[in-house]
Amino acid sequence: MSVHSGHRQRLRSRFLREGLDNFEEVNALELLLFYCIPRKDTNELAHALLSHFGSFHQVMDATPEELMAVPGIGEGTATFLPLISAACRYYRVNQANDGLALDSIEKCGDFLVNYFHSRKNETVILLCLDAKCKKIVCREIGEGSVNSASISARKVLEIALGVKSTFVVLAHNHPSGVAVPSAEDVQTTKMIARSLNAVGISLTDHIVVADDDYVSMVQSGLYYSEDVI
């Protein structure tokens with residue numbers, strides 16, 4: 001009988017008893033690999049992934065192309081692992097109370113942080129609110145490299161007008177981990193605010209996110225709006 005006989009069931013049973021918090025990285029990873037590699041010992045592959053990327057979270061943040069550079073990783077596994085991070089972001093966004101009035105900078109910031117969970121590239125999110133500060137739509141409108149993303153004033157206007165917004169909040173992330181707006185961020189914010197004001201829509205804030213933290217341009221004194229929520 002193999003020394004690995006029953007190993008999968010033991011890991012599953014341990015998870016059901018204890019949860020995942022006390023697992024070693026390699027055991028947590030091999031447990032996940034069970035579900036995309038059903039008939040092969042995944043311990044060795046989990047070690048190879050950790051050796052290649054450095055840590056559990058770096059494995060989970062890797063792209064499918066990066067994952068398939070590791071011998072033994074096929075398309076199925078390279079799809080499954082990124083799906084977990086994407087599902088976590090989907091869960092966090094879905095968990096947010098859509099019926100809640102986002103009538104303060106703090107509520108908007110806490111709501112928008114969920115949209116950036118596990119994103120590696122700089123991404124721009126547009127939050128459109130009605131006159132009662134209820135969410136109409138919250139949509140990704142741009143993605144760039146790790147260090148930059150373009151914000152199209154035309155796209156912002158088209159979406160905001162199309163859903164009959166009263167207020168708009170912009171948000172983007174800094175994957176570097178520092179939620180400090182750049183001079184370019186401030187200039188872009190003012191330019192888009194002028195475009196929206198011309199059609200009677202207020203850009204009430206621009207929020208910069210890093211990890212689970214955020215900085216409001218309004219609260220930082222970098223941008224002024226007459227219609228701060």
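Just so you know, these numbers come straight off a predicted model, no measurement behind them.
Under a hydrophobic clustering in which Ile, Leu, Val, Met, Phe, Trp and Tyr are joined whenever their side-chain heavy atoms come within less than 4.5 Å, directly or via other members, L83 and I73 fall into different clusters. Taken together through direct or relayed side-chain contacts under 4.5 Å among Ile, Leu, Val, Met, Phe, Trp and Tyr, L49 and I84 form part of one hydrophobic cluster.
A cation-pi arrangement is not found for R89 relative to Y115, the charged atom failing to lie both closer than 6.0 Å to the ring centre and inside a 45° cone about the ring normal.
Not one N or O on the side chain of N27 forms a donor-acceptor pair closer than 3.5 Å with the backbone of L11. In this structure a side-chain-to-backbone donor-acceptor pair under 3.5 Å is present from E25 to F56. Between the K134 side chain and the L102 main chain, no donor and acceptor come within less than 3.5 Å of each other. Side chain of E66 to backbone of T63: a donor-acceptor contact under 3.5 angstrom is found. Side-chain atoms of N114 come within 3.5 Å of backbone N or O of F111 as a donor-acceptor pair. No side-chain donor-acceptor contact under 3.5 Å links D205 to the backbone of V169. The main-chain N or O of N121 is found under 3.5 Å from a side-chain atom of T123 such that the two form a donor-acceptor pair. Although no hydrogens or angles enter the test, the distance criterion places no donor-acceptor pair under 3.5 Å between the side chain of E18 and the main chain of F15. Between the side chain of S85 and the backbone N or O of D61 there is no donor-acceptor pair closer than 3.5 Å.
Between the side chains of Q219 and E106, a donor-acceptor pair is found at a separation under 3.5 Å. With hydrogens and angles left out, the side-chain atoms of E75 and T79 include no donor and acceptor closer than 3.5 Å. Using modelled atom types and a 3.5 Å distance limit, the side chains of T166 and D130 yield no donor-acceptor pair. In this model, no donor atom of one side chain and acceptor atom of the other lie less than 3.5 Å apart for T188 and D185. Side chains of H7 and E30: a donor on one and an acceptor on the other come within 3.5 Å.
Between D41 and R8 no salt bridge is recorded (no basic side-chain N to carboxylate O distance below 4.0 Å).
Separation of atoms SG (C138) and CG (L112) is listed at 5.0 Å; rounding is to 0.5 Å.
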